[in-house]
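Below: the structure, in structure tokens.
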2 protein chains.
Amino acid sequence: MTPPKTDPAPDGALATDLGWAIRLVSTAFAGVAADSVADLPGGARGYLVLVALATGEPPSQLALARQVSLDRTVMTYLLDDLEAHELISRRPDPRDRRARQVLITESGRERLAQVRKSLAAAENRLLVDLSAGEADQLRTLLSRVAQTAHRESLGPTEDC
Amino acid sequence: MTPPKTDPAPDGALATDLGWAIRLVSTAFAGVAADSVADLPGGARGYLVLVALATGEPPSQLALARQVSLDRTVMTYLLDDLEAHELISRRPDPRDRRARQVLITESGRERLAQVRKSLAAAENRLLVDLSAGEADQLRTLLSRVAQTAHRESLGPTEDC
DNA sequence: TATTGTTATACTCTATAACTATA
DNA sequence: TATAGTTATAGAGTATAACAATA
């Protein structure tokens, strides 16, 4: 929107800073992906929950919260919202009456498919300057680091 | 802190999700880097400002805000804090009496060097499962995407 | 006593808009 | 009229703690 104000050779040292790059890429991705998840209850978090629910056994809310690295208190709000829009449903766990199983609905799967398609386009916009091979490399490397981080519990408690 | 609760083969679809990976890596990096910037005024943002000031001509606050992708209103608070700790200084721009030039102090350079050293160790912790070559690839690819994003103004207004 | 889910409170952060002083 | 910097206000988002039900 704002026409760039020249900046011919902008950041000398910042350009090689990993934290800087992560921050910028993260922000930029959030930007290009915003439209894709804009009308989804809970936004990006709602998307993460739907993805997590799309495969495997119906988890408890707590297990789900751990899987997507969210606090269990925000999971309550998030699921309330998603359930109100009939994208997920909750039912009591027959084995443990404290817990509730979370399931994705058919409607939820349809919305997920739509959002995924839209997100794929957004990703391509973000990675437009990379070749197909480089984009794949980046995905692979990021995923590996992410899985390490998740496994090591380097940051599962909160988010940014 | 919390002992991982098994999760033998955790996320089927999430593992290949780029947004998920970016989010997790971003959070994990913030986690490992937190200690490094904990005692720095403004935390991670203070660091970014010091890095940006370490090279080149003293910028105006607005130019600095654009460079590190922060709003100019938060730049005021941030610089107040950094100046109170004598890590930066402000002086009037002789060419434009509305503007103020921002300079890093000697003390600021020393702190920056300390933080950088500590951050390098944190980065290594995050990338521990990657080979040296892979880590370099990741840095390079992320930087390229970040520079594209920054240039395209895909997300310069705010942050996460 | 510990755990699952829920709710309420306080706090932090950010966005928005106003204001000044210059240009 | 537009811009650089500052300040104040309101709103969103989060963490913390407390609570009820169950194990």
Side-chain angles (χ1 to χ4, degrees), chain A residues 1-6 23 26-27 30-31 34 37-38 41-46 48-49 58-84 88-103 155-160, chain B residues 1-3 5-6 23 27 30-31 34 37-38 41-46 48-49 58-84 88-103 155-160:
Chain A
M1 308 314 173
T2 330
K5 212 70 170 218
T6 50
R23 187 184 121 98
S26 181
T27 305
V37 297
R45 293 171 169 182
L48 285 178
V49 166
S60 70
Q61 295 189 189
L62 188 57
L64 184 58
R66 289 197 175 119
Q67 194 180 354
V68 299
S69 299
L70 285 176
D71 192 85
R72 71 183 204 270
T73 61
V74 324
M75 186 57 72
T76 298
Y77 307 134
L78 188 50
L79 293 180
D80 284 350
D81 203 2
L82 288 167
E83 191 172 35
I88 65 107
S89 64
R90 291 189 266 207
R91 70 179 180 201
D93 184 333
R95 318 226 197 163
D96 184 342
R97 282 192 295 178
R98 293 173 303 181
R100 309 174 74 175
Q101 292 179 332
V102 185
L103 298 90
T157 26
E158 42 177 319
D159 60 337
C160 98
Chain B
M1 309 313 174
T2 330
K5 212 76 169 207
T6 51
R23 188 185 121 98
T27 305
V37 298
R45 294 170 168 181
L48 285 178
V49 165
S60 71
Q61 295 190 189
L62 188 56
L64 184 58
R66 290 199 175 117
Q67 194 181 355
V68 299
S69 300
L70 286 176
D71 192 85
R72 71 184 204 271
T73 61
V74 323
M75 186 57 72
T76 299
Y77 306 135
L78 188 50
L79 293 180
D80 284 350
D81 203 2
L82 288 167
E83 191 172 34
I88 64 107
S89 64
R90 291 188 266 207
R91 70 179 180 201
D93 184 334
R95 316 225 197 166
D96 184 342
R97 282 192 296 179
R98 294 173 303 179
R100 310 172 74 174
Q101 293 180 332
V102 185
L103 298 92
T157 27
E158 44 176 319
D159 61 337
C160 102

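Numbers restart at 1 for each chain; the letters A, B, ... are given by sequence-line order, proteins then strands.
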Sorted by position of nearest nucleotide on DNA chain D, 5' first, the leading residue of B/Val74 and B/Ala99 is B/Ala99
Give the B/S/- string for nucleotides 17-23 of chain C, one per nucleotide from 5' to 3', where a protein heavy atom under 4.0 Å of the base yields B, of only the sugar-phosphate yields S, and otherwise -.
BB--BBS
Yes or no on side chain to side chain contact (heavy atoms under 4.5 Å, CB included) for B/Arg23 and A/Leu48, after CA distance, side-chain angles and deciding distance?
CA-CA 10 Å; B/Arg23 188 185 121 98; A/Leu48 285 178; 3.4 Å; yes
Tell me: [atom1] of [X] to [atom2] of [N], nearest whole Å?
X: B/Asp93; N: D/dT3; atom1: CG; atom2: P; answer: 17 Å
X: B/Arg100; N: D/dT6; atom1: CZ; atom2: C1'; answer: 9 Å
X: A/Gln61; N: D/dT22; atom1: CD; atom2: P; answer: 15 Å
X: A/Leu78; N: C/dT6; atom1: CG; atom2: C1'; answer: 15 Å
X: A/Arg45; N: D/dG13; atom1: CZ; atom2: P; answer: 8 Å
X: A/Leu62; N: D/dT22; atom1: CG; atom2: C1'; answer: 14 Å
X: A/Asp71; N: C/dT9; atom1: CG; atom2: P; answer: 18 Å
X: A/Leu70; N: C/dG5; atom1: CG; atom2: C1'; answer: 15 Å

Inter-residue atom distance [X].[atom1] - [Y].[atom2], 0.5 Å rounding:
X: A/Thr73; Y: A/Leu78; atom1: OG1; atom2: CG; result: 11.0 Å
X: B/Arg72; Y: B/Leu79; atom1: CZ; atom2: CG; result: 13.5 Å
X: A/Leu64; Y: A/Arg66; atom1: CG; atom2: CZ; result: 11.5 Å

Using distance only, find each side-chain donor-acceptor pair of residues 88-95 of chain A under 3.5 Å and give its atom names and separation, not counting sequence neighbours.
{"residue": "A/Arg90", "atom": "NE", "partner": "A/Glu83", "partner atom": "OE1", "Å": "3.2"}
{"residue": "A/Arg90", "atom": "NH1", "partner": "A/Gln61", "partner atom": "OE1", "Å": "2.8"}
{"residue": "A/Arg90", "atom": "NH2", "partner": "A/Asp80", "partner atom": "OD1", "Å": "2.3"}
{"residue": "A/Arg90", "atom": "NH2", "partner": "A/Glu83", "partner atom": "OE1", "Å": "3.3"}
{"residue": "A/Arg91", "atom": "NE", "partner": "A/Gln101", "partner atom": "OE1", "Å": "2.9"}
{"residue": "A/Arg91", "atom": "NH2", "partner": "A/Gln101", "partner atom": "OE1", "Å": "3.2"}
{"residue": "A/Asp93", "atom": "OD1", "partner": "A/Arg95", "partner atom": "N", "Å": "2.8"}

Indicate, with a heavy-atom threshold strictly under 4.0 Å, whether A/Thr76 touches base, sugar-phosphate, or nothing.
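Base, at least one base heavy atom under 4.0 Å.
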Take A/Gln101 and A/Tyr77, find for each the nucleotide of DNA chain C with the closest heavy atom, and name the residue whose nucleotide sits nearer the 5' end.
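The 5'-side residue here is A/Gln101.
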